[in-house]
Amino acid sequence: MAGLWRSYQVLMTKYPWTVQLVTAGSLVGVGDVISQQLIERRGLADHNVRRTAKMMGIGFFFVGPVIGSWYKVLDRLVVGGTKSAAMKKMLVDQLCFAPGFLGAFLCISGALNGLTLEENVTKLKRAACGPDRRCHLELLPDVEGQQDVSNHHKSGLSSTTMMMMMMMIIMILHSFVVCVCV
């Protein structure tokens with residue numbers, strides 16, 4: 001395992017942009033597989049390969065380039081390798097970058113799944129604030145746009161919430177890999 005990690009670091013040093021894109025696309029794809037298999041319990045026969053491919057495309061062509069560029073900017077904004085600098089970076093990242101990034105991610109995801117601009121905006125508003133107008137953390141609408149509201153409430157954590165959690169985990173892992181390798 002240590003050898004694999006060293007190889008990854010060598011590749012990251014030689015080809016940082018390419019490795020970041022491949023890493024992001026792979027992690028987003030793995031996140032979708034985990035969501036479909038462990039959260040939605042689709043099974044291999046009902047796995048939506050097309051959805052996983054779309055998610056990987058978002059990872060390769062949106063998540064990787066945007067997050068990679070953002071971390072370069074963040075390194076210029078907050079300089080240093082101390083615990084305090086790391087905390088400042090995390091705060092700036094989560095307060096300034098993450099809301100816009102997640103909104104853009106959701107819009108791209110919706111567009112790839114056939115939603116019009118108006119449908120995308122309506123879905124984002126509905127996902128962010130429920131009918132009782134109480135805002136909650138479930139920001140990611142279901143990828144296919146076919147989730148039954150009654151099933152949503154029965155399942156405890158919906159697949160959309162789990163996808164949101166997977167995206168946050170992926171962002172954290174990606175930032176860890178970028179910080180360790182740079």
Side-chain angles (χ1 to χ4, degrees), residues 1-39 47-113 115 120 124 137 139-144 159-182:
M1 190 64 153
L4 186 62
W5 181 250
R6 277 192 295 277
S7 297
Y8 181 81
Q9 288 178 316
V10 167
L11 285 173
M12 190 68 172
T13 303
K14 279 183 156 179
Y15 313 103
W17 193 249
T18 304
V19 172
Q20 283 180 358
L21 299 182
V22 171
T23 300
S26 301
L27 287 173
V28 173
V30 167
D32 185 65
V33 170
I34 290 170
S35 177
Q36 288 191 53
Q37 297 305 312
L38 299 179
I39 309 308
H47 185 85
N48 188 339
V49 176
R50 191 168 181 207
R51 180 177 117 178
T52 300
K54 286 179 186 179
M55 295 303 290
M56 287 180 75
I58 292 171
F60 290 134
F61 301 110
F62 175 71
V63 175
V66 170
I67 289 179
S69 299
W70 166 243
Y71 285 128
K72 288 178 183 177
V73 170
L74 190 59
D75 283 339
R76 280 188 248 127
L77 290 175
V78 181
V79 181
T82 65
K83 289 179 184 177
S84 174
M87 183 60 77
K88 288 175 187 173
K89 283 183 180 182
M90 191 266 313
L91 287 171
V92 171
D93 180 57
Q94 292 302 303
L95 296 174
C96 299
F97 174 75
F101 172 80
L102 291 173
F105 174 84
L106 298 174
C107 290
I108 291 169
S109 176
L112 284 176
N113 286 297
L115 296 181
N120 229 340
L124 288 171
L137 294 177
L139 298 173
L140 187 61
D142 59 300
V143 176
E144 291 299 309
S159 62
T160 58
T161 303
M162 294 309 293
M163 279 294 288
M164 178 64 132
M165 291 170 66
M166 290 304 302
M167 280 303 299
M168 294 306 293
I169 291 168
I170 288 166
M171 287 175 67
I172 291 166
L173 287 173
H174 191 263
S175 65
F176 172 74
V177 168
V178 170
C179 290
V180 168
C181 294
V182 173

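Throughout, numbering of the chain's residues begins at 1 and tracks the sequence. Below, all heavy atoms of this structure are taken into account, side chains as well, without hydrogens, waters or symmetry copies.
- Put simply, the side chain of Asp75 does not reach to within 4.5 Å of the side chain of Lys72, judged on heavy atoms.
- Heavy-atom minimum distance, Leu11 versus Val19: O-CG2, 3.5 Å.
- To the nearest 0.5 Å, atom NZ of residue Lys88 and atom CG of residue Asp93 are 15.5 Å apart.
- Of all the heavy atoms in Gln36 and Thr52, the pair that sits closest is NE2-OG1, 3.2 Å.
- Inter-residue side-chain proximity for Val33 and His47 is flagged as met; some heavy-atom pair is nearer than 4.5 Å.
- Listed for the Ser35 side chain is no donor-acceptor partner under 3.5 Å among the backbone atoms of Gly31.
- Counting heavy atoms from C-beta outward, Met1 and Trp5 have side chains that stay 4.5 Å or more apart.
- With a 4.5 Å cut-off on side-chain heavy atoms, Phe97 and Tyr71 do not count as touching.
- In this structure, Asn113 contributes its side chain and Ser109 its backbone to a donor-acceptor pair below 3.5 Å.
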Begin from the C-alpha positions of Tyr8 and Thr23 and carry the test side chain to side chain contact (heavy atoms under 4.5 Å, CB included) through to its verdict. CA-CA 10 Å; Tyr8 181 81; Thr23 300; 2.7 Å; yes

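- Contact record, Phe60 with Leu21: CD2-O, 3.2 Å, taken as the closest heavy-atom pair.
- Considering CE of Met55 and CD1 of Ile108, their distance stands at 10.5 Å, rounded to 0.5 Å.
- Separating the CD1 atom in Ile67 from the CZ atom in Phe62 is a distance of 8.0 Å, to the nearest 0.5 Å.
- Using a 4.5 Å heavy-atom cutoff, the side chains of Tyr15 and Val10 are not in contact.
- Closest approach of Ala85 to Gly80, counting heavy atoms only: CB-O, 3.6 Å.
- A salt bridge is absent between Asp32 and Lys54: the closest approach of a Lys/Arg side-chain nitrogen to an acidic carboxylate oxygen does not fall below 4.0 angstrom.
- Phe101 places none of its side-chain heavy atoms less than 4.5 Å from the side chain of Cys96.
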